[in-house]
Amino acid sequence: VDVNPGLHVDNKLFNSFDMHKLNPVSNTPGVILFGNSTEYPYTSVWNTAYNLAPRFGFAWQPVAKTSIRGGYGIYTIAPYIGAQNGISTGFTTATSPGSPDGGIDPAFILQNGFPAYPIGGNPATLNDSFGAVPVGTAPTTSPSFVTRNWKFGYTQNLNLSVERELGWNTILEVAAQGVLGRNLQISRNYNEVPPDLWGLPGSNFARRPFPQFGNVSSARQAQQGTTDYWGTYARIDKHFTNGFSTIASYNFGRTMSFLGGSIYYPQLSRGPGPYDLANGLGSAVPYQTFTIGWTYDLPWDPGTPHLKSGAAGRILGGWNIGGLLAMEGGIPFDVTSGTDSLNGNSPLGGRVNVVGSPKPGSQTYSTWLDKAAFAAPAFGTIGQECCGKYLGPATARLDLSIHKSTVIKENLRATFAWEFFNATNTLQGGPPDSNLASTTFGRVLGPAGLGAGIVRAPQFSGRVMQVGARIDF
C-alpha cells in the first residue's frame with residue numbers, strides 16, 4: 001500500500017484567476033492573480049490529501065501446465081502542469097489575439113500593424129488591470145491558471161489472465177485488462193459564450209463571461225477528466241527450438257474518455273481519446289492489432305546438425321532470418337465542418353450533421369468518405385456527429401531482416417545485417433482529411449504522388465532498406 005503525503009510545489013511565477021472580482025478596466029468580473037503578490041500571497045500550490053493506493057495480485061495453478069493470474073491496483077497521478085501550459089502571464093511577454101467570430105474574420109490584418117499587447121516582467125504592472133481591455137475591444141491576453149488546491153488524479157488497473165502450456169515448447173495466454181482513469185488533469189476554457197447567446201452574428205467578444213480576455217483556461221485542472229479502457233488479448237509464444245522461435249498476439253481494446261469539452265454540455269464530448277499526461281487528449285489508436293514475429297537460425301554452422309566444419313560451413317553457416325508482421329485496424333476519427341456554427345468560442349461549434357451514407361459504394365484511399373453525406377448545421381445549432389464514430393483504413397506492415405555472423409578467430413566475430421522495413425512497399429494510410437470545408441475531404445493523405453491533395457506522409461510510407469556491419473571482440 002502506497003501512502004502519498006500532501007504535495008507542496010514552490011513556484012512564485014504562476015497565475016490563478018478570480019472569477020468574481022470586478023475588473024477595473026472592463027467593469028466585469030474576472031481578474032488575473034499573481035503568485036507571491038499582495039492580492040494573492042501564495043508561492044505554491046498545495047495538496048493536503050493523503051492518497052491510499054492499495055495493490056494486490058495473485059497466481060494460481062489449478063491443474064498442471066495451467067496458471068491463472070490477476071491483479072488490481074490504484075495508481076495516483078500527481079498534479080502536473082508542464083511548461084507548455086503557460087501559467088506565467090505577466091511574468092513573461094506574450095499575446096494571443098483571436099478572431100472575433102470563430103475564424104470567419106481574422107484576428108488582425110498585418111498591414112494595419114500588430115495590435116497593442118501588455119508587456120510582462122514589470123512587477124509594478126501586475127495588478128487587477130493587467131491584460132484586460134474594455135468591453136467590445138479585441139482581447140490580447142488569454143490567461144491560463146491553476147487553483148490553490150489540487151487533488152491527485154488516479155487510475156484503477158485490473159487484469160486477469162489464463163496461461164496454458166500446449167507442448168512443443170509453446171505457451172498460450174488469454175487475458176483481459178481494464179484501466180479506469182478518474183480526476184484526470186485537463187484544461188478547460190471558462191470563457192465560452194453562454195448557450196442562450198449562440199448563433200448571433202458579429203463579434204462575440206462582448207458576449208463572453210469575461211469579455212476583457214480571450215480564452216480563460218485552467219491548466220491541468222483535476223477532478224474532471226475520465227477514461228475507461230477495456231481490452232483483451234491472446235498470445236502464443238513458441239520458445240527457441242531447433243533454431244526457430246516465434247511469438248504472436250492479438251489485441252482488442254477500446255478507450256472512451258472525457259478529456260475536455262464545453263463547460264455547458266460536457267456530456268457531448270466523450271470519445272475514443274487516450275489520456276496523455278503531458279499533452280492532455282492524445283491521438284486515438286486502433287481498436288484491433290495483430291502482430292507476429294519470428295526468428296530462425298539456419299542449421300548450417302559448426303555445432304549444428306549440418307555442415308559442422310569446413311569452408312562450406314563457414315560460408316553457409318551463421319545465417320539468421322527474422323520478420324515482424326504488424327496488422328492494425330482503422331484509427332477512429334471525427335468529421336468537422338471547418339466552420340463555427342455557434343459563434344460562441346465553443347468546442348461544439350465545428351460539428352456536422354449526417355444527411356446520407358458516409359461510406360461510398362467503393363471505398364478507396366481517394367474516396368474514403370462521401371462528402372455529400374455530411375452538411376454543416378444551421379447557424380446557432382450544434383451538429384449531431386462527434387467523438388470518433390468513423391474508422392480510417394486498416395494497415396499491414398511486414399519487416400524482414402537477414403543477418404550473417406562469421407567467427408574470424410577466437411574472440412573476434414563479424415556480423416553483417418540487411419534489414420527491410422515495410423518490405424512489401426505497402427501504403428500505410430492514416431485517417432482521411434475529415435474537414436468538410438477542405439478540397440481534399442474524404443481522401444487518405446498518404447505519400448506524395450498518389451493523386452491531387454494526397455500530400456502528407458503517413459506514419460510509415462515506402463519501403464526502407466538499411467545495411468550494417470559490426471565487429472565484436
Side-chain angles (χ1 to χ4, degrees), residues 155 177-182 184 186-189 224-233 251-263 265-290 327-342 346-360 363 365 367-371 373-377 381-395 428-438 440-446 456 458-459:
T155 62
Q177 181 184 27
V179 181
L180 309 178
R182 299 294 182 266
L184 301 180
I186 60 176
S187 297
R188 303 298 302 276
N189 177 22
Q224 296 175 0
T226 64
T227 61
D228 296 326
Y229 169 82
W230 297 101
T232 183
Y233 74 88
N251 181 83
F252 178 85
R254 297 192 66 172
T255 298
M256 295 299 290
S257 307
F258 170 70
L259 297 173
S262 171
I263 61 174
Y265 300 107
Q267 73 276 12
L268 297 182
S269 300
R270 185 170 174 82
Y275 181 68
D276 182 330
L277 177 62
N279 302 305
L281 182 63
S283 299
V285 296
Y287 295 144
Q288 302 184 75
T289 59
F290 170 78
M327 305 175 71
E328 296 184 342
I331 297 175
F333 67 93
D334 290 328
V335 174
T336 59
S337 67
T339 61
D340 184 356
S341 67
L342 302 178
S346 170
L348 302 178
R351 298 188 175 185
V352 299
N353 289 329
V354 176
V355 295
S357 176
K359 184 182 295 187
Q363 196 173 42
Y365 275 26
T367 55
W368 196 258
L369 292 176
D370 184 355
K371 190 170 187 177
F374 302 93
T381 63
I382 302 172
Q384 303 165 346
E385 290 294 283
C386 94
C387 308
K389 291 186 177 181
Y390 306 102
L391 297 178
T395 61
Q428 309 292 302
D433 183 348
S434 57
N435 182 343
L436 192 60
S438 171
T440 60
F441 176 84
R443 292 188 175 186
V444 175
L445 302 179
R456 298 182 190 170
Q459 183 178 8

| task | Apply side-chain hydrogen bond (donor to acceptor under 3.5 Å, both in side chains) to the pair Thr440 and Ser438, showing each step before the final yes or no. | result | CA-CA 5 Å; Thr440 60; Ser438 171; 3.1 Å; yes
| Given side chains that start at C-beta, do those of Ser269 and Leu348 come closer than 4.5 Å, heavy atoms only? | yes
| Which residues satisfy the side chain to side chain donor-acceptor pair (under 3.5 Å) test with Thr395, sequence neighbours excluded? | none
| query | So which heavy atom on Leu391 is nearest to which on Gly330, and how close? | reply | CD2-O, 3.6 Å
| query | How close do Gly430 and Pro393 get, heavy atom to heavy atom, and via which atoms? | reply | O-CD, 3.2 Å
| Would you say the side chain of Thr227 lies within less than 4.5 Å of the side chain of Val179, judging by non-hydrogen atoms? | no
| said: Is the shortest side-chain heavy-atom distance between Tyr287 and Pro332 below 4.5 Å? | reply: yes
| message | Listing request: all salt bridge (charged side-chain N to carboxylate O under 4.0 Å, His left out) pairs with a residue in residues 382-394, at least two apart in sequence or in separate chains. | response | Glu385-Lys389
| field | OG1 on Thr232 to CG on Asn251, rounded to 0.5 Å | value | 7.5 Å
| message | Just to verify, what does Ser341 make a side chain to side chain donor-acceptor pair (under 3.5 Å) with, not counting sequence neighbours? | response | none
| request: With sequence neighbours left out, write down each residue that passes salt bridge (charged side-chain N to carboxylate O under 4.0 Å, His left out) with Lys371, or none if nothing qualifies. | output: none
| field | Distance in Å, Asn435 CG paired with Asp334 CG, rounded so as to fall on 0.5 Å steps | value | 12.0 Å
| said: Just verifying a value: how many Å separate Gln384 CD and Asn353 CG, rounded to the nearest 0.5 Å? | reply: 4.0 Å
| query | After noting the C-alpha distance and the side-chain angles of Trp230 and Leu180, does the key distance pass the side-chain contact (heavy atoms from CB on, under 4.5 Å) rule? | reply | CA-CA 9 Å; Trp230 297 101; Leu180 309 178; 3.8 Å; yes
| query | Is there a donor-acceptor pair under 3.5 Å between the side chain of Arg188 and the backbone N or O of Ser262? | reply | yes
| task | Answer with yes or no whether the side chains of Thr339 and Ser337 bring together a donor and an acceptor at under 3.5 Å. | result | yes
| request: Just jot down the side chain to side chain donor-acceptor pair (under 3.5 Å) partners of Thr336, sequence neighbours excluded, or say none. | output: none
| query | Which of parallel (below 30°), tilted (30 to 60°) and perpendicular (above 60°) describes Tyr390 and Phe333? | reply | tilted
| Heavy-atom pair of closest approach, residues Pro358 and Gly356 | CD-O, 3.3 Å
| query | Relative to each other, are the rings of Phe441 and Phe374 parallel, tilted or perpendicular (30° and 60° limits)? | reply | perpendicular
| note | OG1 (Thr226) and CE (Met256) are apart, to the nearest 0.5 Å, by 9.5 Å
| request: Only counting residues at least two apart or in another chain, list the ones meeting side chain to side chain donor-acceptor pair (under 3.5 Å) with Ser434. | output: none
| Where is the tightest heavy-atom contact between Pro432 and Trp368, given as atom of each residue plus distance? | CG-CD1, 3.7 Å
| request: Could you tell me which non-hydrogen atom of Thr381 sits nearest to which non-hydrogen atom of Leu342, and how far apart they are? | output: O-CD2, 3.4 Å
| task | Any chance you could lay out the side-chain contact (heavy atoms from CB on, under 4.5 Å) test for Val444 and Gln428, step after step, and finish with the verdict? | result | CA-CA 10 Å; Val444 175; Gln428 309 292 302; over 6 Å; no
